[in-house]
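I have placed the structure first, in the form of structure tokens, so that the comments after it can refer back to it.
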Protein chains: 2
Amino acid sequence: MDVDTGMETGPVTGQAGGPDAGGEIAPPARRPRVQKNVTTALGLDICSERYPVGTALPKESDLCELYGVSRTVVRESLKILATKGLVNSRPRVGTVVCDKAEWNLLDAQILEWMGPRIQDLDLLGCILETRRTVEPVAAEFAAERASVQEIADLEAAWKRMHDAGPDTEAFTRADVQFHEILLKASHNQVFRQLSSIIHAALMYSLHRSNEVIDHRDEALDIHRDLVEALRLRDGAAARAASHRMLDTAVRDLAPALRGGRQDADGS
Amino acid sequence: MDVDTGMETGPVTGQAGGPDAGGEIAPPARRPRVQKNVTTALGLDICSERYPVGTALPKESDLCELYGVSRTVVRESLKILATKGLVNSRPRVGTVVCDKAEWNLLDAQILEWMGPRIQDLDLLGCILETRRTVEPVAAEFAAERASVQEIADLEAAWKRMHDAGPDTEAFTRADVQFHEILLKASHNQVFRQLSSIIHAALMYSLHRSNEVIDHRDEALDIHRDLVEALRLRDGAAARAASHRMLDTAVRDLAPALRGGRQDADGS
DNA sequence: ATCCATAAATAGTATGACTATACGGGAAGA
DNA sequence: TCTTCCCGTATAGTCATACTATTTATGGAT
């Protein structure tokens, strides 16, 4: 993140940059690239429910003032957010925040913007269900289809987990990479698209579990078994290892999933 | 589709609309809304490999002339395409088409733009694998979680299939809707995001299978069994019905999947 | 031959003006 | 009084132009 996360809305550039009044020598007029900052700021404000679902954002000209940028930048940012399903613009009505059912949950940026709020809407539960459904199959496919290089990459990721030692952060990072490589090695393009959401979920859940040393040792063993199964092209073993992996995830996440499943959609 | 599909690139508006030369009474200057048309045209041209992966699109000012629109429209269209992972713009370099691995395959518009080319990259095979992985689980979840309304909607979709008679088109439409409602009834938000891709794949594959009367009768039976299982809240039966459904899909699509799996990614 | 400065090309930003669209209220009609 | 239609108005959509930032390519100096 190269943006001030958590910042309140406000000028994105240090230079207010109003029209250069007077016929002076025209000071150079700085024009930094602020598109990403504005998009991120708006995305964060939407995902944090600062602009709740169904309400309208300030009109474009107001957003220009708020962030101190031109309408060009604001409009292009809104177009990006609209493409992600976050908002919907209509003349005379304004730009309204879409229902969460329309949000593109597989979008990495949205998940980043949601941050800890990923726990809303049972999202963590949904993702865990998806992992339990998809990952064992992906592991089985990977056993058949993974290239030698991909298996080596998996082993390298495992080694990074192993060598992380007491560094929980590094351990989690390697763990996430492991699962991304696995999805890729399944050679199913749809599965690979799920990487982003699994990435986000793991970053917010693995970290906790991985703080327990015992758990990390157990995870290391299972991950190694999976790599070994891929090397032997043993689909059943790979599937079994993946299942074990997810069972421990369920066990460790159970406390965080309290509250049962509610109807989260607007039907 | 409210756009001239298959059209070559060219002015999107009938009115060339150059700058009104002279100090005349300023003829009204038509300004139709052309954003969607331009985006669609560019999307089609990219997905049809008119602009192959890795190559650069014409520069923005050229695109303005090509489509007879302002740079604003072109830029916002490119921003949309960039958000979908189709292109990537950089100063001095231009706007280059991204590798297909970065395309957002879960995006309904992209799938629409790909049209029959959905068969490239083993996409049809990947989607079928995904369905076989996800749909039975979704059916099982739906058995537990579907609302009465959702089950009624499923039954209504089934009835539309039943009543379609010889209208293959209507039958396929209802069939697709059935599967979308099922995914929604699983009350797993990630599963629901898969609707778009399953929708596209079914529209391009079911149509063929559904032309055979025998198959349609069989499909009707299985779909009814699934609804019945949901009504009885029998997860195992729902799962079994879904499995049977997909087995017939595999059987019917087998001819279209010849050629085996190749490595489609650029690793 | 290598490296650095300069130039050129292209996307990014800014501004102001106009148009199309859709909501809301008021007038005309039942 | 209620309904329908029209029109004013607010807001996003489009257009044109000018300028800035960034990156590649070129050419010259070491």
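In the text below, chain A, chain B and the rest are named by the order of the sequence lines, each starting its count at 1.
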Output the single nucleotide from D/dT23, C/dA11, D/dT9 whose closest atom is nearest the side chain of A/Arg92. D/dT9
Salt bridge or not for B/Glu129 and A/Arg145, using N-O below 4.0 Å? yes
Would one find a side-chain N or O of A/Arg30 under 4.0 angstrom from OP1 or OP2 of D/dA21? yes
Classify the nucleic acid contact of B/Arg90 as base, sugar-phosphate or nothing, counting any heavy atom under 4.0 Å across all strands shown. sugar-phosphate
Could you check which of D/dT23, C/dA22, C/dG12 has an atom nearest any side-chain atom of A/Val93? C/dA22
When you get a sec, tell me which of D/dT14, D/dA18, C/dG24 is the closest nucleotide to the side chain of A/Arg75? D/dT14
As a test of reading the structure: which of D/dT9, C/dG12, D/dA12 is closest to the side chain of A/Ser89, going by heavy atoms? D/dA12
Between atom CG of B/Leu44 and atom CD1 of B/Ile110, what is the distance when rounded to the nearest 0.5 Å? 11.5 Å
Selection from D/dG13, C/dT10, C/dT15 that lies nearest to any side-chain heavy atom of A/Glu60: D/dG13
Whole angstroms only, please: what is the CZ-P distance between A/Arg71 and D/dA16? 16 Å
B/Ser70, nearest nucleotide to its side chain (from C/dA11, D/dT14, D/dA18): D/dT14
For the side chain of A/Thr72, starting at C-beta, report the closest nucleotide among D/dT11, C/dT13, C/dA20. C/dT13
